[in-house]
Every structure is written in C-alpha cells, then in structure tokens.
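Contents: one structure, followed by commentary.
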Protein chains: 2
Amino acid sequence: MKAPHSEDDVAHFDLKDFLPYLLNISGEVTSSGFQSSYKNQYGMTRTEWRVLFHLGRYGDMTARDICTRARTHKTKVSRAVSALEKVRFLKRQKNLDDRRFETLCLTPEGYKAYKTLCGKAGQFDRALSANFTPQENAILRRCLRQLAGLP
Amino acid sequence: MKAPHSEDDVAHFDLKDFLPYLLNISGEVTSSGFQSSYKNQYGMTRTEWRVLFHLGRYGDMTARDICTRARTHKTKVSRAVSALEKVRFLKRQKNLDDRRFETLCLTPEGYKAYKTLCGKAGQFDRALSANFTPQENAILRRCLRQLAGLP
DNA sequence: CGTTGATAGTTACATTTTCAACTAATACCA
DNA sequence: TGGTATTAGTTGAAAATGTAACTATCAACG
C-alpha cells in the first residue's frame, strides 16, 4: 500500500532540477533576450517570428504544417498569419484542388526581414553556445528536440 | 567590411537548432503536460504553481525573493500571491523593520497542496528523465541552469 | 445524391501577461 | 532636516493567449 505522495518526494524534490520549470525559465530568459531583435525593428510577436522563420527556412507551406512542425496551436498561427499578411510579409494562395488549404508564401519584403533576422539569430545562438563544449551543445539540442517531440 | 547579415547565416541557420526556439517549445510541451495536475485539481495558473513551490521548497520569503529566484516579473508574482491568498494557501506578514516587505508563508492547506503536487512533479520528472542517460540528464540540467542564469 | 464525419482555418469570449504608471516606505546625502 | 532617489509591491489598460464554438470544404459510404 502506497500513500498518494510519499514523504520522500517532499524531502527530495527540488525545483531547480525540475525539467518543465528549468525549460520554461531558460526559454523565457533566452527568448526575451532575442526578442528585442524582432520586436523593436518589426513589431513582431514571438509567434509571428516563428511563422516567418518557418516559411523563410523551409519554404512555402500551409498553416497546418507550421502548427505541426512548431507544435503551436492553430489559433496562434492563424492570428500570426493575419498579422504578417497585414504588413505584407506574406501572401496566401488558395489551393484549387482542396480549397480548405491555403499555401503561405513570403513576399520579397518578408524574405528580406527573414534574412536580416537570420543574421541576428545566428549571432545570438553562437553567443549562447559559446558557454558550452561541442559535446554539451550536441547533447543539449538532442535532448531538447526529444522533449519537444521534434524530429 | 561586413554586411549586416551574411549569406552564410541565411544558408546555415536552422530553426531546429536555435536554442531559444527549442527551449520554448520543449518548455511549452512539458509544462502543458504537467499543468493538468495543478490546473484540474486546484485551478492554479503556472505562476501560482511556481510561487507555491518556492515557498514549499525553500521556506518563507518575500515576493521579491521569488522574482529573483524564479526570474519572474513582479506583476506576475504579485497577482499570483493575491490569488493564492484568496484561496487561503498563503498568508502575508508585514515586516516591522521595513514595512515595504511582506514575508509570505504557506498555510497548512497550502503546504498540503504543495506536498500533493510534489509527488506528481517527482513522478512527472522521473518519466521525462527516463528518456536520457544519467550523464545526459546531468548535462542537460547544468546547461539549462546556466542559460536561465540560476545558481 | 444526401447524410455523417473529418479537416483547415477563423472568431468570440475569458483568462493571462505585459507595460507603464502609481503608492508607500526607506535610503542617501547635502 | 529636507529633498531626491530607490525599492517593494499594486493597479489599469492593452496585448497576447487559451478554449470552445463556429464556417467552409472535402471524404466516405449508404
């Protein structure tokens, strides 16, 4: 017979080793650091940034594709797409075979913004990675991808 | 002379290796998984959960201490404290030497909730950690703490 | 066909978070 | 002492997010 929570858990649990907590804080700290790049210059939100980078890096795709690849809810993506469309960073193109889909493609201005931010992102990531050895960097990223359920 | 963004960045940058992105997604995925524990049973938000766990694990402290330790903005903490006070999970105690401070302490009910959630958190973290070797787990946590700016 | 069910995406509403301005108390320092 | 700057914490309005219900389109199957 086991108690619903053992005293051991209370004695041994430590917040500073709890993965969801650590991931959230480190994610928040690093993302806020990078955020100024796109927020100040383009007034973009984090989700808009994600959509822009998916299209810039991986080419045209539907909103649903972005949802799946970025593990992001469709309402967030839907609003980000509308916002990016309003500032003419992307265009929608209805699929004629199946008109539920619309393919999203960056405009030249959208792609230009992507390129600019790409440089900043690369710089930012190199600075973060400089804290760790190549082996640590590899393990870190592999673990994170697995936790996120990414390929 | 260097261009503001080199073509190399555009060619080589990959979203799925970008740390802020990976941290955010993995943080969101794992936290959403654990969230049901405290949300369903106690109707707590993520920030309220954090405050509860700081007090439960590390003992009485001020809101400012929680802000510093959890790298969380004071307005978030302030509102979480009010909410936890309303359901009588904690009490405030004005410091008489410096009356700007108030020390926060869990009530017996608050501590009971902490103990219950502690068990679930321990279980949840063990399940996540089971995906990795002890060495990977150690490296992962050390890297995350450093990125988060935690001791 | 026509009904049922699934899927892509949007919208309305509630909750949360952010940002800036605010109060109250203390520290600093001439 | 008195004025200015800091610090702890709160609050209101705006922005972002989450949840659920919605439209529109297509698929499957009688």
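Throughout, a chain's letter reflects where its sequence line sits, starting with A, and its residues are numbered from 1.
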Taking CZ from A/R100 and C1' from D/dA27, how many angstroms apart are they, rounded to a whole number?
8 Å
What integer distance in Å separates A/R64:CZ from D/dT25:P?
19 Å
B/R79 CZ - D/dA8 C1' separation (whole Å):
15 Å
Spacing of A/D98 atom CG relative to D/dT25 atom P, expressed in whole Å
10 Å
Covered region of DNA chain C, 5' end to 3' end, by chain B [heavy atoms, under 4.0 Å]
C/dT16 to C/dT26
Counting only side-chain nitrogens and oxygens, does B/S78 get under 4.0 Å of the OP1 or OP2 atom of D/dG9?
no
Taking for each residue the nucleotide of DNA chain D with the nearest heavy atom, is it A/K76 or B/T75 whose nucleotide lies nearer the 5' end?
B/T75
Base, sugar-phosphate, or nothing for B/K39, non-hydrogen atoms under 4.0 angstrom?
sugar-phosphate
Distance-only donor-acceptor test, B/R46 side-chain atoms vs D/dG18 base atoms, 3.5 Å:
no
Atom-pair distance (CD on A/E102; P on D/dC26), nearest Å
13 Å
Give a yes-or-no answer on whether the side chains of B/S82 and B/R92 include a donor-acceptor pair shorter than 3.5 Å.
yes
Closest non-hydrogen atoms of A/D60 and A/L106, given as atom of the first, atom of the second and distance, are OD1-N, 4.4 Å
Atom CG of A/N95 and atom P of D/dT25 are separated, to the nearest Å, by 13 Å
Go nucleotide by nucleotide along DNA chain C from the 5' end; which of A/E28 and B/K74 gets its closest nucleotide reached first?
A/E28
Calculate the interatomic distance between B/F101 atom CZ and D/dT10 atom C1'; express it in whole Å.
16 Å
Any base atoms under 4.0 Å from A/D65, or only sugar-phosphate, or nothing? Heavy atoms, all strands.
nothing
Please determine, by modelled atom types, if A/T62 and A/D65 share a side-chain donor-acceptor pair under 3.5 angstrom.
yes
Would you call B/R141 and A/D14 a salt bridge, taking side-chain N to carboxylate O under 4.0 Å as the test?
no
Could you go through the ring pair (Phe, Tyr, Trp, His ring centres under 6.0 Å) check for A/F18 and B/F53 one step at a time?
CA-CA 11 Å; A/F18 187 49; B/F53 265 58; 7.2 Å; no
Scan side-chain atoms only and decide if B/T72 and B/R50 contain a donor-acceptor pair under the 3.5 Å cut-off.
yes
Between A/L96 and A/H73, which has a closest nucleotide on DNA chain D that is more 5'?
A/H73
Tell whether B/R99 reaches the base of D/dG9 with its side chain through a donor-acceptor pair below 3.5 angstrom.
no
So B/K91 and B/E109, salt bridge (Lys or Arg N to Asp or Glu O under 4.0 Å) or not? Walk me through it.
CA-CA 11 Å; B/K91 281 201 182 310; B/E109 306 89 68; over 6 Å; no
